[in-house]
Structure formats: structure tokens, C-alpha cells
Protein chains: 2
Amino acid sequence: MTDDIVASVVRQWQTVNPGLDTGPMEIIGRINRCAALLQQAEDAPLRSAGLTRAEFDLLGAVRRTDRELTPGELARETFSSGAAVTKRLRSLQDRALVERRGDARDRRVAHVRLTDEGRALVDRLLPEQLAYERAVLAGLDGDARDELGSRLGELLVQLEGRLGGARR
Amino acid sequence: MTDDIVASVVRQWQTVNPGLDTGPMEIIGRINRCAALLQQAEDAPLRSAGLTRAEFDLLGAVRRTDRELTPGELARETFSSGAAVTKRLRSLQDRALVERRGDARDRRVAHVRLTDEGRALVDRLLPEQLAYERAVLAGLDGDARDELGSRLGELLVQLEGRLGGARR
DNA sequence: TCCAAATGATTTACAGGTGTAATACCTGTT
DNA sequence: AACAGGTATTACACCTGTAAATCATTTGGA
């Protein structure tokens, strides 16, 4: 049983400040650290396809909802600012991965959909990502995986409730 | 038992692409989502203290190791580029939170330490952060917390092994 | 009905942080 | 004395968010 980074960080804090209740770090520190490592690992294949993670998330959001989305909806769906979505859409449109269509009724809004190429790109990249993730998770046995997923789900519900988790 | 965001995203993918093995999303999607929500929540108190999260991480690294660190060590410790560390150090030094000292032997390297103010700031902010985290985690019972921490530790070891987790 | 104000969606302007790559400097070795 | 390798900084380009601007729609009286 080897130690992970967080365990050694916690030990350091305990040495330097023994009164500190470092309990939360064991969970939240690990979550942050896992997320950072995963992003680093998964960004490489995306970059080699010419995409940012944020761009991939945007394309994925359109793909999985299976209908046209407005920029505003995309901003909410991908948890980024409207301005960032605008810039990403321009770039993706220049590369013919998405198309914009104006709304007939309300000329303020636009509708975004994937081009065939955009859709094909997502459908090629997503299985790669999932395969990598599966490989990482193979180090845990099945019960541990199920447990982990459930517990994370409980925590995520807590977090969503505590922060304006307004959601459809 | 309510649904979290990831559950609904997974459902969307299953509807649109039933052949997809979305299993890994249940864990890794949740980790990413939790990390994003936590960072958003914890950045606010930091900003009101005039600090970036990255700056706080840097100060924390110096505080917990309890000795002077070089910029290079800080870059490795905080998982960011050397250039970013340089800029952060300048800014923190301008605010008198850290001090630089040149090495007598090897004049390439510098040694960074906290000023009294820097140390006081970390010691004021860290308990706040931990208290917030404790409040979030209070929604899970003790066994669930222990389980979650252990499982995340196992996963993190996997990830560190798979990526050059060179670590003391 | 008509118009002014309020509301709303999106885009543009600007400032700040980050990483890569190029640069400056230092050390130890041959 | 030159060079190979390591450390820190600077230059540049890019991405992001906040805030302001633009344009369209809806609303609430007169």
C-alpha cells in the first residue's frame, strides 16, 4: 500500500501545525488532485485533434442533447461565460465543426448545431477518452468502482444544492 | 434520492448513442464536476483576501514544507510552469508576503520564504477553507466519508503511477 | 394603439493569468 | 578556456472572465 501525494501533504501540515483538522483534505484534496491529473492526461489527445478541452465540452454538449442549442444554453451547459462561448463558436465555425442558424421568431437568439464533421469528430474522440478512463479505473476492482461512483454522486448532490445548482 | 448532473448527462449519451460504454463517466465525470464546483466556491474567500487560488497554493506549499524552497521546487510542488511561478513570486513579493534570498553557493538559484504577514495570511485562510469543506462533507455520514477518502486514494495512486508521478 | 422603459441575448473591448519557447546566467567538467 | 547542462526570467501568444455595448423583444401606461 503506497502513499499518494495528498497523504504526504497532510503529513506535512500535521507536522507544521498539529492542531489543524486536515480531515477534509483527504477527500477534497484528492478530488482536486485527481481532476488535475486526469485533465492533463486527457488534454493531449484532444490537442492532437486541434481541440481545447473547453471546445470538446461544447461539441459534446451539442452532440448529447441532440438538438440545436443557443449560445446562452451552451454557456450554462458548459459552465463558462457567454463571452467564452462566443469566441469558441467563432473558432469552431471557422473550422466547419458547428453551424449557426438565426431564430425566425426572436432575432436575438441563434441556434447552434454540429456539422457532419463536427459530429464525426466527437464520435471519434469520445470513445478514446472513455477507453483511457476505463484503463485507469481498471486498477480498482468492481465493487470499489461502484462504491466510489455512488459516494461521489452523494457528494455532488450536496455541492449542487449548496451552490445555485439550477438545472433543467 | 435526487439525481446529480452527471447522471442526467449519462442518460443523454445513452439516449443518443446507446452503444457507448459510459461507465467511466460515473466516476470521472463526477470528479471533474465536484472539483469545478469546489474551486468556484473556494475562490471567493480567496479573492476577497486579494489572492488567486494559484497564489494560495504557492504560499501553502512554502508554509507546509517549513523551509525555504527554490522557484523550481515550487513549480513542481504546485504543478505549474516555472514562468507562472516567477510571475506569482514577483506579485507576492511586491505585497510583502514572500521574500527571496539568493543562494551563496550557486548564484543561479533563489530561496523563497514567507514573511510574517504571508505566514499569518495562510494561517488565517486555511482554517476557513477547511471549515467550508467540513460543512460540505457533513452531508455524508462518517463511514461514507472514510470510504470515499480511501477509494480516492487508490485511484490517485493509479493516476500517479500512470503519469510521471515522480515524488520525493 | 403607441411609445418609452425595462428586460433579454449575444457580441465586443479590455485586463489578467498561463504555458511554450527563447534568453540570460551560472556551475562543474574536460 | 570552452562547453554541456541546469536554473530562473523574459517575450509572446492564447484563453478566460468582467463589464460595456449592441440590438431585439416585451411590458406598462397614456
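Scope of the values below: all heavy atoms of this structure, side chains included, with no hydrogens, waters or symmetry mates. Numbered from 1 within each chain, the chains take letters A, B, ... in sequence-line order.
- As judged by a 4.0 angstrom heavy-atom cut-off over every strand, Ala84(A) is placed among residues touching the sugar-phosphate backbone only.
- Where Pro71(B) and Gly82(A) meet DNA chain D, the nucleotide closest to each residue was compared, and Pro71(B) sits on the side nearer the 5' end.
- Distance CZ (Arg105(A)) to C1' (dG8(C)): 18 Å, rounded to an integer number of Å.
- The side chain of Asp106(A) sits closest to dT25(D) out of dA8(D), dT27(C), dT25(D).
- Between the side chains of Arg100(B) and Gln93(B), a donor-acceptor pair is found at a separation under 3.5 Å.
- Side chains of Arg90(B) and Thr86(B): a donor-acceptor N/O pair is absent below 3.5 angstrom, by distance only.
- Rounded to an integer number of Å, the gap from Glu55(A) CD to dC14(D) P is 13 Å.
- Regarding contacts with the backbone of dT12(C), a side-chain N or O of Arg90(A) is found under 4.0 angstrom from either OP1 or OP2.
- Nearest nucleotide to the side chain of Ala54(A), out of dT16(D), dT18(C), dC26(C): dT16(D).
- Following rounding to the nearest Å, Arg107(A) (CZ) and dT26(D) (P) show an atom-to-atom distance of 11 Å.
- When rounded to the nearest whole Å, the span between CG of Asp43(A) and C1' of dT18(C) equals 13 Å.
- The side chain of Arg108(B) lies closest to dG5(D) when the candidates are dG5(D), dT9(D), dG19(C).
- In this structure, the CG atom of Leu58(B) is 10 Å from the P atom of dT18(C), given to the nearest Å.
- Atom CG of Leu69(B) and atom P of dA8(D) are 11 Å apart (whole Å).
- Taking the side chain as every heavy atom from C-beta outward, Val62(A) and Val122(A) never approach each other to under 4.5 Å.
- Here the side chain of Lys87(B) is nearest to one of dT12(C), dT25(D), dT18(C), namely dT18(C).
- Using a 4.0 Å heavy-atom criterion, one finds that Arg53(A) contacts no nucleic acid atom at all.
- Atom-to-atom, CZ of Arg47(B) to C1' of dG16(C) comes out at 9 Å; the value is rounded to the nearest Å.
- Of the side-chain N and O atoms in Arg88(A), one or more sit less than 4.0 angstrom from OP1 or OP2 of dT16(D).
- Thr52(A) and Arg88(A) are not linked by any side-chain donor-acceptor pair at a separation below 3.5 angstrom, with hydrogens and angles left out of the test.
- Atom P of nucleotide dT18(C) and atom CD of Gln40(A) are separated by 15 Å, given to the nearest angstrom.
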Is there a salt bridge (Lys or Arg N to Asp or Glu O under 4.0 Å) between Asp3(A) and Arg11(A)? Walk through the geometry before answering. CA-CA 11 Å; Asp3(A) 253 16; Arg11(A) 222 174 8 250; 2.9 Å; yes

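- In this structure, the nucleotide among dT16(D), dT10(C), dT10(D) sitting nearest to the side chain of Thr52(A) is dT16(D).
- Nearest nucleotide to the side chain of Ala83(B), out of dG19(C), dA24(D), dA8(D): dG19(C).
- Side-chain nitrogen and oxygen atoms of Arg100(A) include none within less than 4.0 Å of the OP1 or OP2 phosphate oxygen of dT10(C).
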